Amino acid sequence: MTPELLGQAVCAAIADVVAAGNINVPVPDDVVIDRPKVREHGDYATPVALTLAKTAGVSPRTIAEALAQRLRLVPGVIEVEVAGPGFLNFRLSAATQGELAGQIVESGSRYGHGQSLTGLRINVEFISANPTGPLHLGHTRWAAVGDAIARVLTAAGATCAREFYVNDRGVQMDRFGASVMAAAHGKPAPEDGYHGAYIVDLAANIVAEMPGIRDVPSDEQLIAFREAAYERQLAQQQRVLELFGTHFDVWASERALHDSGAVPRALQTLREQGHVYDLDGAVWLRTSAFGDDKDRVLVKANGELTYFASDTAYYLDKRNRGFDRVIYLLGADHHGYVNRLRAVAACAGDTPADSVEVLIGQLVKMMKSGEEVRLSKRAGNIITLEDLVDEVGVDAARYSLIRYPVDSPLTLDLDALVQRTNDNPVYYVQYAHARICSVLRNAEGLAINWPGQGYDAALLTDEREGELLRALAEFPAVVATAAELREPHRIPRYLEQLATAYHRFYDGCRVLPRTDEALTGEHIARLWLCAATRQVLANGLELCGVSAPERM
RNA sequence: GCCCCCGUAGCUCAGGGGAUAGAGCAAAGGUUUCCUAAACCUUGUGCCGCAGGUUCGAAUCCUGCCGGGGGCACCA
């Protein structure tokens, strides 16, 4: 029995009590089922009686007693206790808790996946860096977290697209081109240009591949350098992200948005909605009518389209492509955009609360040897995604970026991330997985065909087996909550608890028969438990985009 | 000035209204004749920033203040 099923049993009991006329309350669809911290409070507990007491006008303990009487009859429930002010504490039989291990092994990689977001089409946009340089640490946080969010949403049943918006149009691109061109001629970058060492490398690479480029007239040459540099820089970002395990379904180009006429079409749509007006020669969107501080300019007085105009067109483009909900993941330095993005949706006739979501991520710092790392090998004064991966590897980088809620600033301690100790959670979790794989390999070596033998869950009576089973049972709820709240950090946190439960089990419960021992049903049951745990660790790591090694 | 985020053990941080607030690190000690010791066990630590409020119940929700970080554009 899982906590979900127990919750249903509690609801059914409430319905019974109400039907019997003992109390009069609306019957809830689901109830809170806790795993008590204190062992004396049972395997599971619920405070429903306390919540119901007020509307029922009956004391919590009276309600709890009435419920307990019925719940004691539920198969698998061996004890129901009314405790404290009116908590219901449950104890379940080993057999009923243990069924789960078999179900997990059967479900395989699907275990933990649910239907809570089925039918929802979600667009997750993240990173969206200018193609004018390497991806830095802030981008890297989103590369890990954004991808994990998409994975978790998908696991909850949503249809989810990962999207990267390429700002390949505008002044920054020209400055970028000018900087590379200057470097190609051995000159320093312009004052407002780009400076890192990568600019010089890029210039050298372009000159090598396009020998005549420095001879064309300077205005054409500027464009040629800009385009060549753009192409290479974008390819570099794409390559690095693939290496990092973050795959984008769509690379949306700002230029393409303009070239396709989507921007003027968007302006037209917004005009039809009645929120566009002209003032001082510029064209404005009345975002202030929907919570923005001030109205925003779409077309400048000189006729140029603003970046904001592209943004609005891009939003409409996503909606036209059939997404119910668009999620933006932005750095804290962009939090001022939240209201205007919501206002854009409102101006377009949507309900922002339903169609737009903006997640704001705080900044990331790296520490090494007790000092903040500020200099990059590649990019001068910014730290890049590749710098981090060079230092700690993809798994440790992704895991540690996902492990913390995004709304708190994050400091990565590189010294800890390369350690192979408990101080480094990614190894702790991966080690649990590898350890199980080793046990399963040994079982095979001993020719123990556990999947072919009857699995008797009732044999899993050790306290540590119960704890492990209850940890396994939590996984689907953890995934659903992570998806609902867009909080993927819940996955690693959970995996660490699960790994602890496994290590304790392993420490106290011998899985394989010793050399002089005969194979028993207990060994078989424990192998099923190991296999189930391995599956959940693997499924959880998969949601993080972190590998589940079979050996370490 | 206005807006967003944070404030929990010596350090780094979890804790989406429930019982006695938790992990890791750091400190000290212990566990392996056979499944991976990258593990496990034991020992100590708290005005949950402050003050009010809502609630049967608040670290959690609301308001105000204090402290720290970030942001305000016909820039991109």
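Note that the structure is predicted; figures quoted are calculated from it, not measured. Sequence lines set the chain letters: A, B, ... in the order given, protein chains first and strands last, and positions in each chain run from 1. Because only heavy atoms are used, hydrogens play no part in the values below, and waters and symmetry mates are left out as well, while side chains stay in.
- A donor-acceptor pair shorter than 3.5 Å can be found between the side chains of A/Ser310 and A/Glu254.
- Using a 4.0 Å heavy-atom criterion, one finds that A/Gly170 contacts the sugar-phosphate atoms exclusively.
- Residues A/Arg510 and A/Arg490 both approach RNA chain B. Their nearest nucleotides, taken by heavy-atom distance, put A/Arg490 toward the 5′ side.
- Side-chain proximity of A/Arg296 to B/rA73, B/rC5, B/rA14: nearest is B/rA73.
- In this structure, the aromatic ring of A/Tyr506 is not positioned over the six-membered ring of the base of B/rC40 within 5.5 Å between centres and 30° between planes.
- Here A/Val171 lies in heavy-atom contact (under 4.0 Å) with sugar-phosphate atoms only.
- Nucleic acid contact for A/Pro36: none, since no nucleic acid atom lies under 4.0 Å from a heavy atom of the residue.
- Cation-pi geometry between A/Arg340 and A/Tyr337 is met: under 6.0 angstrom from the ring centre, within 45 degrees of the axis.
- Side-chain atoms of A/Ser288 do not come within 3.5 Å of backbone N or O of A/Lys294 as any donor-acceptor pair.
- Within the nucleic acid shown, A/Asp516 comes within 4.0 Å of at least one base atom, counting heavy atoms only.
- Between A/Phe290 and A/His275, the ring planes lie perpendicular to each other; the angle is over 60°, past the 30° to 60° tilted range.
- Across B/rC40, B/rA14, B/rU36, the shortest atom-to-atom separation from the side chain of A/Arg493 is found for B/rA14.
- Counting distance only, with no hydrogens placed and no angle test, the side-chain atoms of A/His335 and the base atoms of B/rC3 include a donor-acceptor pair under 3.5 Å.
- Looking at RNA chain B, the stems built from 3 or more consecutive Watson-Crick or G-U wobble pairs, each pair with its key distances under 3.5 Å, are B:1-7 with B:66-72, B:10-13 with B:22-25, B:27-31 with B:39-43, B:49-53 with B:61-65.
- One C1' atom belongs to B/rU33, the other to B/rA23, and the distance between them is 34 Å to the nearest Å.
- Using a 4.0 Å heavy-atom cutoff across all strands shown, A/Cys509 reaches at least one base atom of the nucleic acid.
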Side chain to side chain donor-acceptor pair (under 3.5 Å) between A/Tyr230 and A/Thr132, worked out:
CA-CA 7 Å; A/Tyr230 165 36; A/Thr132 54; over 6 Å; no
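- With A/Arg141 contributing its side chain and A/Gln362 its backbone, the two residues share a donor-acceptor pair below 3.5 Å.
- If you check distances only, the side chain of A/Tyr337 does reach the base of B/rA76 with a donor-acceptor pair under 3.5 Å.
- At the phosphate of B/rC41, OP1 or OP2 sits under 4.0 Å from a side-chain N or O atom of A/Arg504.
- The side chain of A/Lys294 places an N or O atom within less than 4.0 Å of a non-bridging phosphate oxygen (OP1 or OP2) of B/rC74.
- Residue A/Arg403 is classed as having no contact, given no heavy-atom separation below 4.0 Å to the nucleic acid.
- A stacking contact links A/His41 to B/rA19: the aromatic ring centre lies within less than 5.5 Å of the base's six-membered ring centre, and the planes differ by less than 30°.
- Between A/Trp528 and A/Tyr455, the angle of the ring planes stays under 30°, which puts this pair in the parallel group of the 30/60° scheme.
- Using a 4.0 Å heavy-atom criterion, one finds that A/Ile360 contacts no nucleic acid atom at all.
- With the nearest nucleotide of RNA chain B identified for both A/Asn89 and A/Ala301, A/Asn89 has the one nearer the 5' end.
- Two rings, from A/Tyr494 and A/Phe475, have their centers less than 6.0 Å apart.
- Distances shorter than 4.0 Å separate none of the side-chain N or O atoms of A/Lys54 from OP1 or OP2 on B/rG17.
- Contacts of A/Glu496 with the nucleic acid, taken as non-hydrogen atoms under 4.0 Å apart, are absent.
- The same atom, P, is picked in B/rG18 and in B/rC4; the two are 26 Å apart, to the nearest Å.
- Among the atoms of the strands shown, base atoms are found under 4.0 Å from some heavy atom of A/Arg514.
- Look at the C1' atom in both B/rU8 and B/rA14: the space between them is 10 Å, to the nearest Å.
- Counting any heavy atom pair closer than 4.0 Å across all strands shown, A/Thr306 reaches no nucleic acid atom.
- Near RNA chain B, meaning a heavy atom under 4.0 Å away, the residues from residues 45-53 of chain A are A/Ala45, A/Pro47, A/Leu50, A/Thr51.
- Residue-level contact check: A/Asn302 touches neither bases nor backbone, having no heavy atom under 4.0 Å from any strand.
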Hey, mind stepping through A/Tyr502 and A/Phe505 against ring-ring contact (aromatic ring centres under 6.0 Å, His included) and telling me if it holds?
CA-CA 5 Å; A/Tyr502 181 77; A/Phe505 155 77; 5.5 Å; yes
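- When heavy atoms are screened at a 4.0 angstrom cut-off, A/Glu254 is found touching no nucleic acid atom at all.
- A/Glu517 contributes a side-chain N or O that, together with a main-chain N or O of A/Arg514, makes up a donor-acceptor pair within less than 3.5 Å.
- Between B/rA19 and A/Lys37, a contact under 4.0 Å exists linking OP1 or OP2 to a side-chain N or O.
- If you check every strand for non-hydrogen atoms under 4.0 Å, A/Asn167 touches nothing.
- Residues A/Tyr428 and A/His503 place their aromatic rings such that the two centres sit under 6.0 Å apart.
- On the P atoms, B/rU12 is 27 Å away from B/rG17, given to the nearest whole Å.
- Candidate nucleotides B/rC74, B/rC25, B/rU36 were compared by shortest atom distance to the side chain of A/Asp423, and B/rC25 ranks first.
- Considering only side-chain atoms of A/Ala332, the nucleotide from B/rA38, B/rG70, B/rA19 that sits closest is B/rG70.
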